[in-house]
Novice: 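This is the structure I want to talk about, given as structure tokens.
In this chain, residues are counted from 1 in sequence order. Bear in mind that the values here come from a model prediction, so they are computed numbers and not experimental data.
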Amino acid sequence: MDQRICDGEREAALENACQPNLPDDTRYRLGTALRSIYEETCDTQPIPDSQIDLLLRLRHKERDRRRMD
């Protein structure tokens with residue numbers, strides 16, 4: 001028996017098992033709960049310099065594009 005085929009089948013079965021089919025209301029409640037946890041933990045922390053640099057570059061690009069139009 002080819003071990004690679006068994007490993008591939010096992011990986012496919014694990015991927016399918018890890019993706020539950022949730023109803024819309026459950027996904028909404030879960031998303032809301034995760035968002036609230038994320039906001040509580042991240043809103044109190046300062047924005048890293050790397051993110052500030054990215055935001056500034058994006059702002060400059062947007063300004064340059066508006067000037068071209």
Side-chain angles (χ1 to χ4, degrees):
M1 179 148 77
D2 191 357
Q3 186 65 27
R4 290 174 292 174
I5 293 173
C6 293
D7 288 343
E9 290 172 356
R10 188 177 307 124
E11 287 175 16
L14 283 175
E15 284 180 19
N16 290 335
C18 293
Q19 298 176 2
N21 187 12
L22 300 174
D24 290 341
D25 62 331
T26 303
R27 283 187 285 147
Y28 177 78
R29 286 184 289 152
L30 183 58
T32 303
L34 289 172
R35 254 185 244 102
S36 68
I37 292 169
Y38 178 78
E39 288 172 353
E40 289 174 6
T41 58
C42 293
D43 281 349
T44 58
Q45 298 176 5
I47 299 173
D49 290 340
S50 60
Q51 295 297 317
I52 292 173
D53 292 340
L54 288 173
L55 289 170
L56 287 173
R57 286 192 297 179
L58 176 62
R59 188 175 201 178
H60 289 230
K61 281 191 176 235
E62 288 174 341
R63 186 181 60 201
D64 292 344
R65 285 187 180 169
R66 272 190 246 124
R67 287 182 181 168
M68 291 179 155
D69 295 335

Novice: Around atom CZ of Arg59, are there more than 12 heavy atoms from other residues, nucleotides or ligands closer than 6.0 Å?
Specialist: no

Novice: Side-chain heavy atoms under 4.5 angstrom apart, residues restricted to Ile, Leu, Val, Met, Phe, Trp, Tyr: same cluster for Ile47 and Leu56?
Specialist: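 Yes; tracing contacts between hydrophobic side chains, which count when under 4.5 Å, links both residues.
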
Novice: Can you tell me how far the NE2 atom of His60 sits from the CZ atom of Arg63, to the nearest 0.5 Å?
Specialist: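 Those atoms lie 5.0 Å apart.
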
Novice: Among Asp25, Thr26, Asp24, find the residue that satisfies the side-chain contact (heavy atoms from CB on, under 4.5 Å) test when tested with Leu22.
Specialist: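 It is Thr26; the other options fail the test.
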
